[in-house]
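For reference, the structure discussed in these notes is given below.
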Amino acid sequence: MDTPTISDLVGSSRYEAVADDSLKDEDNAAWVMTLESHEQTEWVERIRWIRLVDRLAENELIHSGSSEFHKFYTGWEKLLNQGWIDPDHPYQEVLTSIRHRWFGPFATAGDRLSVQSWDCFLAATARYHKPGLVIGTLKEYQEMMETLSGSCFQTLPFLGESHWQIARSFGALDQFLNNLRDMREDAERGICYLPAELLERFGVSRNEILQLTACQNPNYFTMMQFWLDDYLPVFHQKMDDLLAARDLHPSWRIWRDWSFYRYRRIERVFRSCHFDYVQFPQIYWAEVRKDLPLLLSQVRQDHRHPLGIPPYQSLQIQEELTVPSLILELGEKAVRAMELVWKIFQPQPGNRIRSSELC
């Protein structure tokens, strides 16, 4: 019998709304399958909860007659406020698992923080999964990043209380890169997450993004250069604490390195496409299929520092140094040599725009 994958265990296609997200889940979290069984169980459980919420919300967005996310959210609010789960509730099993993990007389301070973050995540999901959503300002965009994925990351297992804010910043960065990766997919669903303030500043219309014609507008390329070279570093700068944390749980260290590699791949492919979000998916997902076996092999070899990669910062001129074969096939000495190269070519902090200049 075939060994199950992370997408098998979290039901990637079970609640299919727009597309089959199996490969997306493998790209995000295939590393979970390399963990010891007790750690793997906890990670799979939380990812399954998150995947369910995402899919139910997507279904409501696409199918006006669907109310499944509303049902789930109502059941959660009853559990949160009354400690009660309707035995006939359609998501009684998941809600019972949540109660078992976070509620009860033996709940820890970390459990109570998880409850708050999960409630924030569901509220943000309800807020941002609406037809015709328009994000007004850069400040509102950052708030969306933090309340959606930032809160979501705070509900994941083995997170110490001292790392709560770190997880929120990590989630915000993750959401930014996922939005970049999914620009075409979102546009085809009538969604544009780029803030109206940004589009207006650079002379790009929301309709151009949605109709997949933005690349015909020269202003689009100027806008995306700003988006990646100047605004993305605002999220990078908040990663210093994550990189410096020495007491992160080993599974979080694996995930951090895995994610930073994935972020580089997204940015490198996006730049190599000259910001053409229409052709990006075909090239990107082909690279993912090629990368996954190599990455998993590397993680299994060394859980302490799975990929041996430097801190994630905007690629700019060093983007070509992230070819998987260079990292995964040349060995440890080559990895150390590459880290030195990254440091040499790293853009200087003085060249970055300050967050206060953006909002």
Side-chain angles (χ1 to χ4, degrees), residues 5-7 23-35 43 47 149 153 156 166-167 169-182 228 232-233 235-236 238-240 242-245 248-273 280-281 283-343 345-346:
T5 64
I6 186 67
S7 55
L23 186 57
K24 192 178 292 185
D25 284 336
E26 296 298 327
D27 188 25
N28 291 344
W31 61 271
V32 170
M33 305 308 294
T34 71
L35 299 175
W43 277 94
I47 295 170
S149 280
F153 275 37
L156 293 168
I166 293 175
S169 298
F170 188 9
L173 174 64
D174 190 86
Q175 185 72 52
F176 182 102
L177 271 299
N178 286 348
N179 284 358
L180 192 70
R181 179 197 65 193
D182 297 338
L228 270 65
L232 177 55
F235 293 89
H236 299 155
K238 297 183 179 182
M239 291 297 98
D240 290 346
L242 179 66
L243 293 161
L248 276 177
H249 189 273
S251 62
W252 274 77
R253 292 200 300 269
I254 296 170
W255 187 31
R256 176 194 63 193
D257 284 8
W258 178 282
S259 297
F260 286 2
Y261 181 90
R262 185 172 69 84
Y263 302 159
R264 282 192 181 86
R265 188 201 299 119
I266 291 171
E267 189 178 345
R268 174 174 53 80
V269 173
F270 202 77
R271 289 179 183 277
S272 70
C273 293
F280 170 87
I283 300 171
Y284 179 77
W285 293 115
E287 288 218 9
V288 170
R289 291 183 179 92
K290 179 180 65 176
D291 276 1
L292 280 174
L294 298 171
L295 291 168
L296 284 170
S297 175
Q298 188 75 2
V299 172
R300 290 189 178 101
Q301 288 175 27
D302 188 354
H303 271 197
R304 292 168 301 170
H305 196 58
L307 300 180
I309 59 175
Y312 173 65
Q313 294 182 341
S314 187
L315 298 180
Q316 298 186 33
I317 62 173
Q318 71 269 37
E319 60 202 33
E320 296 304 323
L321 299 177
T322 59
V323 179
S325 60
L326 290 177
I327 292 178
L328 300 170
E329 296 176 8
L330 295 183
E332 185 177 355
K333 290 183 180 179
V335 168
R336 285 200 292 266
M338 285 181 62
E339 289 178 349
L340 292 174
V341 174
W342 279 86
K343 291 177 182 178
F345 285 101
Q346 202 62 254

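- Among residues two or more places apart in sequence or in another chain, the side-chain contact (heavy atoms from CB on, under 4.5 Å) test is passed with Thr5 by Ser7, Asp8, Glu26.
- Residues passing the side-chain hydrogen bond (donor to acceptor under 3.5 Å, both in side chains) test with Trp43 are Ser251, sequence neighbours excluded.
- Atoms CG and CG, on Asp27 and Asp291 in that order, are 8.5 Å from each other to the nearest 0.5 Å.
- Considering all non-hydrogen atoms of both residues, Ala245 and Arg256 come closest at O-NH1, 4.4 Å.
- For Tyr284, the ring-ring contact (aromatic ring centres under 6.0 Å, His included) partners at least two apart in sequence or on another chain are Phe280.
- The OG atom of Ser259 lies 11.5 Å from the CD1 atom of Ile254; values are rounded to the nearest 0.5 Å.
- Listed by chain and residue number, nothing satisfies the side-chain contact (heavy atoms from CB on, under 4.5 Å) test with Pro293 (two or more places apart in sequence, or in another chain).
- For the atom pair Phe260 CZ and Leu243 CG, the distance stands at 4.5 Å (nearest 0.5 Å).
- In this structure, Arg265 contributes its side chain and Glu287 its backbone to no donor-acceptor pair below 3.5 Å.
- Taking a cutoff of 4.0 Å between a charged side-chain nitrogen and a carboxylate oxygen, Arg262 and Asp174 qualify as a salt bridge.
- Ring geometry, Trp255 versus Phe170: the interplanar angle falls from 30° to 60°, so the pair is classed tilted.
- The nearest pair of heavy atoms linking Leu292 to Ala30 is CD2-CB, 4.3 Å.
- Below 30°, between 30° and 60°, or above 60°: for Phe153 and Trp252 the angle between ring planes is above 60°, a perpendicular geometry.
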